Amino acid sequence: MLLKSDFFQRPTLTVAEELLGQILCREKPSGGSVRAVITEVEAYDGHDDKASHASRGITPRNEIMFDTGGYWYVYLCYGVHWMLNITTGEKGYPAAVLIRGLDIIQGPGRVTKQLEIDKSLNKKKANPNTQLWIESSPISIPQKAIQRTPRIGVDYAGPEWSQKDYRFVLNT
DNA sequence: GGAGTGATGACA
DNA sequence: GTCATCACTCCA
């Protein structure tokens, strides 16, 4: 079952937690197709979140975060790695969930490399027409399998924001 | 442990 | 126009 926009048009932390265990689906330009379980995500929530690109207001890069949920936000990090996020929440509220790991691939930069994701997918909607979408898991995830931790690599945001348990990991 | 990499945003 | 800053990975 395809996860539609209404799944993503909810509070970011809810979407982040419920994304664990869902199936990320990708039809690669080179021809292959990939289906993998989402095992690690981080939430970026609102303009007050100092770790979020949205904390400095709307810009050409992050404007999709301000749109309604269910769109891909893809950007280049450290000049090397593409980061894959999906926007969440209502229109006008800047929020997104960073997909950091899958059952077969660990690491946000590796995910995009393996799945051949780059900026051509930025601002696209998550559905099969864009060759990148998410389907609901056939199995339900027990609460105890979900671990919450602080986000990775966001110390610059200050303790108040870098220490929030906005990272969700699925223990297997 | 440390370098690479280049788009982005802030400032002028 | 310049310049510092980064939601990381790889190789040592």
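The figures here come from the full heavy-atom set of this structure, side chains too, leaving out hydrogens, waters and symmetry mates. All values reported here derive from a predicted model rather than from experimental measurement. Labels below follow one simple rule: chain letters A, B, ... track the order of the sequence lines, proteins then strands, and each chain is numbered from 1.
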Any residue of residues 66-74 of chain A with a heavy atom less than 4.0 Å from an atom of DNA chain C:
none
Can we say A:Glu18 and A:Arg10 salt-bridge, meaning some charged N sits less than 4.0 Å from an Asp/Glu carboxylate O?
yes
Salt bridge (charged side-chain N to carboxylate O under 4.0 Å, His left out) for A:Glu135 and A:Arg35? Distances and angles first, verdict last.
CA-CA 9 Å; A:Glu135 292 182 5; A:Arg35 296 168 67 85; 2.8 Å; yes
Check whether any side-chain heavy atom of A:Ile134 lies under 4.5 Å from a side-chain heavy atom of A:Leu19, and answer yes or no.
yes
So for atom NZ, which belongs to A:Lys28, do other residues, nucleotides or ligands contribute more than 12 heavy atoms lying within a distance under 6.0 Å?
yes
Closest approach to the side chain of A:Arg61, judged atom by atom: which nucleotide of C:dT9, B:dG9, C:dA7 is it?
B:dG9
Should A:Asp67 and A:Lys125 count as an ion pair when the cut-off is N to O under 4.0 Å?
no
Residue from A:Gln9, A:Glu90, A:Lys91 passing side-chain hydrogen bond (donor to acceptor under 3.5 Å, both in side chains) with A:Thr68:
A:Gln9
If a pair means Watson-Crick or G-U wobble with both distances below 3.5 Å, what does DNA chain C look like in dot-bracket form, with | marking bases paired to a different strand?
||||||.||||.
Give the rounded distance in Å between these two atoms: CH2 of A:Trp82 and C1' of C:dT9.
16 Å
Can you confirm if the aromatic rings of A:Tyr75 and A:His53 lie within a centre distance of less than 6.0 Å?
yes
Nearest whole Å is fine: how far is C:dA7 C1' from A:Asp155 CG?
12 Å
Pairwise side-chain contact, A:Arg61 with A:Lys119, heavy-atom cut-off 4.5 Å (strictly under):
no
Between C1' of C:dA7 and CE of A:Met65, the distance in whole Å
10 Å
Starting at NZ of A:Lys119 and ending at C1' of B:dA7, how long is that distance when rounded to a whole Å?
9 Å
Quick one: A:Glu40 CD to C:dA7 P, roughly how many Å, whole number?
16 Å
Distance in angstrom units between A:Asp118 CG and B:dA7 C1', rounded:
14 Å
Would you mind building the protein contact string for nucleotides 1-6 of chain C? One character per nucleotide, 5' to 3', B for base within reach (heavy atoms under 4.0 Å), S for sugar-phosphate only, - for untouched.
-----S
Calculate the interatomic distance between A:Arg110 atom CZ and C:dA7 atom C1'; express it in whole Å.
16 Å
Tell me which nucleotide among C:dC8, C:dC10, C:dA7 gets nearest to the side chain of A:Leu98.
C:dA7
Within a reach of under 6.0 Å around NZ of A:Lys123, are more than 12 heavy atoms found that belong to other residues, nucleotides or ligands?
yes
Within the distance-only criterion (no hydrogens, no angle test), does the side chain of A:Arg151 pair as donor or acceptor with the backbone N or O of A:Ala43 below 3.5 angstrom?
yes
Check the pair A:Arg167, A:Glu40 against salt bridge (charged side-chain N to carboxylate O under 4.0 Å, His left out), reporting the backbone distance first and the verdict last.
CA-CA 7 Å; A:Arg167 176 170 173 257; A:Glu40 183 183 353; 2.8 Å; yes
Once you apply a heavy-atom cut-off of 4.0 Å, does A:Arg100 come out as touching a base, just sugar-phosphate, or nothing?
sugar-phosphate
